[in-house]
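All remarks here apply to the structure that follows.
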Amino acid sequence: MKKLLFIDRDGTLIVEPPITEQVDRFDQIEFLPRVIQNLSFIRHKLDYDFIIVSNQDGLGTPANPLDRFNEINDLVMKIFHTEGVDFEESYFDEHTKEDNHPNRKPGTGMLKKFIEGNGTEYDLANSYVIGDRMTDVVLAKNLGCKSILIDAEKTAEATDNDAKPDFVARNWDEIAAYLFAGERIATVQRTTKETDIYIKVDLDGTGKAEISSGLGFFDHMLEQIAKHSGMDLTIKVKGDLNVDEHHTIEDTGIALGECILKALGNKRGIGRYGFCLPMDDCLCQVALDFGGRPWLVWDAEFHRERVGDMPTEMFLHFFKSFSDSARINLNIKAEGDNEHHKIEGIFKALARSLKMAINRDIHHFELPSSKGVL
């Protein structure tokens, strides 16, 4: 069965002019960053046919002459072709939004052959619509496809409240990585008689954090992991703080390590290793290896019993729990006088080390080990 990528043109392959939203001059042709190299990668590494589906308001009218459109589109297609990217078919609808015509996206009038088959079997369930508007997401729903939305700022144009993109990408690098290797998102729910913990991590996020552990300083430190690693992190903890902080901190370390390990999947293409940073009077070093063999080296002393509402004896315990469940070799060293700066520096250095280690290169998609296993 054939798998398809239905790809919008303006705003997805080439930049859409902000005012006219119509490319009608040669000097307006501008490709989205790295779209050609990523489509070439997808073409040669994956088994998809490429189909352009685009609304072109008033095509064939004096405001949008067909001859001029064809000349510009032919040049765009020629440039793609010279880089090994060819589109099997192209569909351009000339109707305006006011026409409410079934051919206009998100209508499927132009694409009936793919729904009906016409002698060819299409795997629509594993096909995608890629576009920069919510109408492309709704088109995917109408076709029975999945959807990838690029440039999420345009989600306000939604025409169907039940249509949600399967993946939101900031650029074509992310689209290629998603199609080739999938998302790196995981959730863990860990419930014991002492704690109830929910964690969700997106390793390829933007550093967003939603943290609630019941311990203010601990929340602040966990936010550093998200912010400085680039991963999106949701952590919700209900622990027996009426007893003390031990179980909340320990079990969060266990669940967080488990969640990151789960999100990494087969670890192909990752950097594997990762960082030191200064913070005022302190120097903090965190080196790690996602090699599958947990080990913690801890060289940091604290002379206060607590920093904020967190006992300093629990810092080592958190990182030991985290390294064991993430199955990483973790080497931590910190020196300095200010205890707050010292521990915050450790968490920030951990985050930067994680960012290096989890970075994925789909163009070198090998397991980073001479053993053949991690």
Side-chain angles (χ1 to χ4, degrees), residues 1-7 12 32 34-35 37-51 122-132 136-137 140-141 143-152 163-189 198-208 226 229-234 255-272 274 290 292 325-328 354-369 372-374:
M1 297 177 70
K2 283 190 175 182
K3 294 190 298 181
L4 309 167
L5 294 183
F6 298 99
I7 307 173
T12 304
L32 262 67
R34 296 179 298 284
V35 60
Q37 71 182 57
N38 280 297
L39 277 176
S40 179
F41 176 85
I42 295 168
R43 166 66 77 190
H44 292 97
K45 295 290 185 179
L46 301 173
D47 186 25
Y48 289 101
D49 282 0
F50 293 176
I51 313 294
Y122 297 105
D123 185 4
L124 291 180
N126 290 303
S127 298
Y128 289 86
V129 175
I130 304 174
D132 67 316
D136 297 299
V137 177
K141 178 186 175 184
L143 286 170
C145 294
K146 301 175 185 178
S147 61
I148 297 174
L149 180 67
I150 188 168
D151 187 1
K164 295 181 180 179
D166 292 275
F167 181 64
V168 178
R170 289 166 291 187
N171 51 56
W172 270 96
D173 291 340
E174 292 187 355
I175 293 174
Y178 172 74
L179 291 174
F180 181 74
E183 288 183 299
R184 296 192 297 174
I185 296 176
T187 60
V188 165
Q189 181 79 52
Y198 169 82
I199 295 182
K200 180 179 180 181
V201 62
D202 179 355
L203 298 184
D204 303 301
T206 59
K208 293 183 294 186
S229 71
M231 67 176 70
D232 291 344
L233 193 57
T234 299
L256 179 59
E258 181 183 341
C259 198
I260 290 176
L261 180 65
K262 185 177 178 182
L264 279 173
N266 61 21
K267 300 182 183 178
R268 288 189 175 276
I270 67 168
R272 176 177 169 178
F290 276 102
S325 61
R327 296 172 60 193
I328 58 175
L354 284 170
K355 185 173 186 175
M356 295 173 64
I358 66 176
N359 182 57
R360 181 173 63 180
D361 183 358
I362 61 171
H363 300 283
H364 299 89
F365 204 65
E366 298 88 21
L367 198 65
S369 171
V373 63
L374 285 178

Margin query: Between Asp232 (side chain only) and Gly207 (backbone N and O only), is there a donor and an acceptor less than 3.5 Å apart?
Written below: yes
Note to self: Could you measure the distance from the OH atom of Tyr48 to the CG atom of Leu179? Nearest 0.5 Å is fine.
What the structure shows: 5.0 Å
Notebook entry, point to check: Is there a side-chain contact between Ile150 and Leu32, using heavy atoms and a 4.5 Å cut-off?
Noted result: yes
Check: Any donor-acceptor pair under 3.5 Å linking the side chain of Lys267 with the backbone of Phe290?
Finding: yes
Checklist line | Min side-chain heavy-atom separation Tyr122-Asp49 under 4.5 Å | finding: no
Item checked: Ring centres under 6.0 angstrom apart (Phe365, Phe180) -> yes
Margin query: What's the separation between atom CD1 in Ile51 and atom CG in Leu5, rounded to the nearest 0.5 Å?
Written below: 9.0 Å
Checklist line | Ser127 (side chain) donor-acceptor with Leu4 (main chain) under 3.5 angstrom | finding: yes
Margin query: Can a donor-acceptor pair be found, under 3.5 Å and without considering hydrogens, that links the side chain of Arg184 to the backbone of Leu203?
Written below: no
Check: Do Met1 and Asn126 come close enough that some side-chain heavy atom pair is under 4.5 Å?
Finding: no
Note to self: Would the distance check show the side chain of Asp123 and the main-chain N or O of Lys3 forming a donor-acceptor pair, the cut-off being under 3.5 Å?
What the structure shows: no
Note to self: Show the nearest heavy-atom pair for residues Leu367 and Arg268, with the distance to one decimal.
What the structure shows: N-NH1, 3.6 Å
Item checked: CA sep, side-chain torsions, deciding dist, call: Arg360, Asp204, side-chain contact (heavy atoms from CB on, under 4.5 Å) -> CA-CA 9 Å; Arg360 181 173 63 180; Asp204 303 301; 3.9 Å; yes
Next item on the list: Evaluate side-chain contact (heavy atoms from CB on, under 4.5 Å) for Ile175 paired with Asn38, printing each intermediate quantity in order.
Entry: CA-CA 8 Å; Ile175 293 174; Asn38 280 297; over 6 Å; no
Note to self: Looking at every heavy atom in both Ile199 and Leu256, which two are closest together, and how far apart are they?
What the structure shows: CD1-N, 3.4 Å
Margin query: Ignoring hydrogens, what is the shortest heavy-atom contact between Asp132 and Leu149? Give both atom names and the distance.
Written below: C-CD1, 3.7 Å
Next item on the list: Step by step, work out the side-chain contact (heavy atoms from CB on, under 4.5 Å) result for Ile185 and Asp202.
Entry: CA-CA 4 Å; Ile185 296 176; Asp202 179 355; 3.6 Å; yes
Notebook entry, point to check: How many angstroms lie between atom OG1 of Thr12 and atom CH2 of Trp172, to the nearest 0.5 angstrom?
Noted result: 7.0 Å
Check: If every non-hydrogen atom of Ser147 is compared with every non-hydrogen atom of Asp166, which pair is closest and at what distance?
Finding: N-OD2, 2.8 Å
Check: About how many Å separate CE of Met231 and NZ of Lys200, when rounded to the nearest 0.5 Å?
Finding: 14.5 Å
Notebook entry, point to check: Nearest 0.5 Å, what's the CD1-CG distance between Ile130 and Asp136?
Noted result: 10.0 Å
Checklist line | Minimum-distance pair of heavy atoms, taken over all atoms of Gly274 and Ala357 | finding: N-CB, 4.1 Å
Margin query: Show the nearest heavy-atom pair for residues Val137 and Pro165, with the distance to one decimal.
Written below: CG1-N, 3.6 Å
Notebook entry, point to check: Between atom CD of Glu174 and atom CD1 of Ile362, what is the distance when rounded to the nearest 0.5 Å?
Noted result: 11.0 Å
